[in-house]
Amino acid sequence: MYVISGSTHQRLGASLAEEMKAEFCGVVNRHFPDGERYIRILMDIENQDVVIVQNTFPDKKIVELLLMLQAVKDAGAKTITCVIPYMGYSRQERVFQSGEAISAKAIAGAIGSMCDRVFTINVHTPSILNFFDCEAKDINGSREVVRYLKGFKPQMVVAPDEGSRDRCALAAELLKVPIHVMKKVRIDGRTVETTSGQIDVKGVTAVILDDIISTGGTIATAANILRDGGAERVFAACTHGLFIEDAANRLRVCDDILSSDTLEGVYTRFSVAPAIADAL
Ligand code: R5P
């Protein structure tokens, strides 16, 4: 087996190859002077099982992924598996207002037509897996988050909205602590309004768990409620840490912020490589 990584995941790809005792295949990955991408696979992968690891975020990384898929296909790989740790565009899975593009369908359609199977990790909307024209599965990275969180001895898991209830319920079960689900109403891309209902957090160490942290609004609002309620320590954990704009500033209300390596950044504390290796 060969593992090939695009520029979003050199480190994760190498750890995955190591976990799976596979070859980590080099790639010439550069730009032409006009900005167009050039990809060349550096090993003979004819008749081999190949795993490509790359995010579909930001936009330019999608082009990189499509070129890698094409190169691997044309080089005669026996099977092609595409691992997309962070599936960008998974939040637009339907038409909310007439005339909109179903972005997830467009991106998944292009990728799925060029490989045999796809794995995503904690994808925001699991129903988008149906848009891939091949076998597609979502890997649950919650166990990796929980393994890391144990060190903080949390006494409560807080779901910042209804959408994160199931993921948080699993984490709470693994951590053997209660779960509290908040209610969130999104006002716009940067603003949310959250209510907590009855919650007793005085002196408690709580962890707020979400799939994505983007502007930090969801977590900061929930964390402020916990602080006002007297929580002693508040941690925020997510699988996909985008941390755009002034997210870091908004999240200063938290004692610490932890995210996985589906998006590598300053808050990356744990790897989802073992979960991917298991699934593969
Ligand atoms: C939305 O439903 C997601 O699960 C996250 O809660 C959301 O993407 C977080 O965005 P932000 O950090 O901008 O509030």
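Order of appearance sets the numbers: ligands from 1, and atoms from 1 within every ligand.
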Looking only at protein heavy atoms, what sits closest to atom 13 (O) of ligand 1 is Thr215 OG1, 2.6 Å
For the backbone of Arg94 and the side chain of Gln92, can you confirm whether one donor and one acceptor N or O come within less than 3.5 Å of each other? yes
| task | State, without any angle test, whether Glu64 and Ser7 hold a side-chain donor-acceptor pair at a distance under 3.5 Å. | result | yes
(request) Kindly confirm or rule out an N or O of Arg167 lying under 3.5 angstrom from an N or O of ligand 1. (result) no
Ligand 1 atoms nearer than 4.0 angstrom to some heavy atom of Asp161 are 2 (O), 6 (O)
Item to check | Side-chain (Thr191) to main-chain (Asp188) donor-acceptor, under 3.5 angstrom | outcome: no
When distances are taken from atom 2 (O) of ligand 1, the protein heavy atom at minimum range is His124 CE1, 3.3 Å
For atom 14 (O) of ligand 1, the closest protein heavy atom turns out to be Thr218 OG1, 2.6 Å
Tested for side chain to side chain contact (heavy atoms under 4.5 Å, CB included) against Cys82, the lone hit among Val72, Thr120, Val118 is Val118
Honestly, for Arg190 the part within reach of ligand 1 (heavy atoms, under 4.0 Å) is neither
Atoms of ligand 1 under 4.0 Å from any heavy atom of Ile213, numbered from 1 in the order shown, are 12 (O)
Cation-pi between Arg30 and Tyr38: NZ/CZ under 6.0 Å from ring centre and within 45° of the ring axis?
yes
Ranked by distance from atom 10 (O) of ligand 1, the top protein heavy atom is Arg186 NH2, 3.5 Å
Query raised in the report: Do Val51 and Tyr2 come within less than 4.5 Å of each other through their side chains, counting heavy atoms only?
Result: no
Here the gap from Leu65 atom CG to Lys61 atom NZ, rounded to the nearest 0.5 Å, amounts to 11.5 Å
Point to revise | Leu69 side chain near Ile52 side chain, heavy-atom distance below 4.5 Å | key: yes
Numbered in order shown, the ligand 1 atoms found under 4.0 Å of a heavy atom of Asp211 are 3 (C), 4 (O), 5 (C)
Taking distance alone, with no angle check, do Gly216 and ligand 1 share an N/O pair under 3.5 Å? yes
For Arg91, the ligand 1 atoms with a heavy-atom partner under 4.0 Å come out as 8 (O)
Under the 3.5 angstrom rule, does the side chain of Thr125 hit a backbone N or O of Ser90 as a donor-acceptor pair?
-> yes
the protein heavy atom lying closest to atom 9 (C) of ligand 1 turns out to be Ile212 O, 3.4 Å
among protein heavy atoms, the one nearest atom 6 (O) of ligand 1 is Asp210 OD2, 2.6 Å
